[in-house]
Amino acid sequence: MKCIRIGFIGTGFQGRDLIRRLAEKESYVKVTAVSDIDRESAQETADLYGLKVYATGQELIASQEVDAVAVTSWGETHEEYVLQAIAHNKPVFCEKPLATTREGCMKIVKAELDAGKKYVQVGFMRRFDRRYQDLKKVLDSKEAGNILLMHCAHRNKEVGATYTSDMVVTDMMVHEIDIVRWLTGKEIMAVQILKPKSSIHANQNTNFPLYGIFELEDGTIVDVEANAAAYFGYEVTCEVVGENAVVSLPQMNPVTVKAKNKKEEFLPSLWTERFDQAYEDEILAWAESLKKGKADGPDSFDGYMAAVCTDACLQSLHEGGRILTDKMERPNLFIK
Ligand code: NAD
Ligand code: ISE
């Protein structure tokens, strides 16, 4: 089988991590090209893995030596690159967000509808986390009965000085939005964001944590604590209250140390430790989909719905109150 050649646009933290994961696997797919507006970063990555550097993302996408594209640059740049990859009939992995506006996401959905084909896998990697998959299996088995409530927490140890309250929604809560939709198979009909008093660890003029309340179409209520400055470490929790049982997302099994009348558990500092296996399975699943010639996993409609919900959350954050999300029916192309 002819090797599938992948070009990465964006060689920062996430791009390099995914390139490494693909490079470590002997496989029918091979990363062969990179591009970054930071030429030095692209060159450093290229030197590590023997890749060709393209001056621009546009040139990389258009190149006849690139069969598939991964977009791991800053969020605002995703829309243009994804649309261009579709126009060149090339499959594309796009880190979240698919686009920074719902209109941008809709353009991508429409481009796929016009082509009559799915091209895009969006980087909602939690769906590949085995603990979330185990949780979903239990929920799907109906052992817990109908789901009534879900309690979620998403805690980052710390963030950079430029991190804003809006980013708590678009960078953090967006993962809960996607995973709740995936776990339940239900759309989010209304959201409300509350601002508890801010932590001493919060950045200036920000509200860390935020508290979100999501209403699903079947009446399930979900609450989400999203804290960008939890201080103690990185943690993601999810407790699902069903009619017959309470089901919880398993945690990592940290090393415990018993010493001098105390017991200590070591928690992850970053999402990369907690979701290490999920990133691996996510990118290998994309590689597998390239082999099959059929896009799979979180799709551009999921990216669109995430943007609809984050927009509603931002409106609630800034204007207050409960905001309806005006959900759209999933087009046939996106029914699995
Ligand atoms: P980063 O700043 O480390 O890297 C981004 C890179 O993109 C930089 O090297 C920058 O120079 C480059 N870039 C910016 N604009 C560009 C353009 N127009 N063309 C080409 N390159 C460009 O950021 P990161 O942490 O790697 O995040 C990248 C993306 O990955 C973001 O969308 C972020 O939300 C996402 N992300 C997802 C997860 C996850 O858990 N799914 C985790 C971290 C980051
Ligand atoms: C980061 O950007 C991610 O996407 C991680 O998955 C998330 O857990 C973290 O909170 C974000 O900052």
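One-based numbering along the sequence shown. In listed order, ligands and their atoms are each counted from 1.
Only the side chain of E95 comes within 4.0 Å of ligand 1, counting heavy atoms alone; its backbone N, CA, C and O stay farther away. For Y163, every heavy-atom contact with ligand 2 shorter than 4.0 Å involves the side chain, none the backbone. The side chain of Y279, and not its backbone, has at least one atom closer than 4.0 Å to an atom of ligand 1 (non-hydrogen atoms only; side chain from C-beta on).
Against a heavy-atom cut-off of under 4.0 Å, H78 is close to the following atoms of ligand 1: 32 (O). Atoms of ligand 1 found under 4.0 Å from any heavy atom of W271, numbered from 1 in the order shown, are 42 (C), 43 (C). Every atom of ligand 1 with a heavy atom of G123 under 4.0 Å away is listed here by number and element: 41 (N). Taking every non-hydrogen atom of S73 and a distance limit under 4.0 Å, the qualifying atoms of ligand 1 come out as 7 (O), 13 (N), 16 (C), 21 (N), 22 (C), 28 (C), 29 (C), 31 (C), 32 (O). Interface of I9 with ligand 1, defined as ligand atoms under 4.0 Å from a residue heavy atom, comprises 20 (C). Heavy-atom proximity to M125, at under 4.0 Å, picks out these atoms of ligand 1: 40 (O), 41 (N). Residue G12 has at least one heavy-atom neighbour below 4.0 Å for each of these atoms of ligand 1: 3 (O), 4 (O), 6 (C), 9 (O), 26 (O).
Among Y234, W271, F124, the residue whose heavy atom sits closest to atom 8 (O) of ligand 2 is Y234.
With no hydrogens or angles considered, a side-chain donor-acceptor pair links T11 and S41 at under 3.5 Å.
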